[in-house]
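This structure is a prediction, so every number in the text was calculated from the model and none was measured. Sequence positions, counted from 1, serve as the residue numbers for this chain.
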Amino acid sequence: MTGHDSPAVGRQSDDGDQAFDLWLKRGLRKMFGSVIGEPIPEALLCLVQSLQDGAVVPERKSGGSDGGEGENV
């Protein structure tokens, strides 16, 4: 067996992945945790429900803008 094939190498990688996942979760909660307590907008709930029911959502027409002004999201 070479040094690259040892089980310790895989274990270190798993530990690093777990550490990164924990760091990411904590960071996201710190930045966006307050959003979790906010109610979901009714329009979004209707959209999700229509998608679950198999409705086809029409494509948005491009008005030549880069996607922001005057459009409801």
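- The side chain to side chain donor-acceptor pair (under 3.5 Å) check on E38 picks up nothing, with sequence neighbours excluded.
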Report, one line per pair, each donor and acceptor closer than 3.5 Å where one atom sits in a side chain of residues 21-33; sequence neighbours left out.
none

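- Residue E42 is tested with I40, L44, L45 for a side chain to side chain contact (heavy atoms under 4.5 Å, CB included); the sole match is L45.
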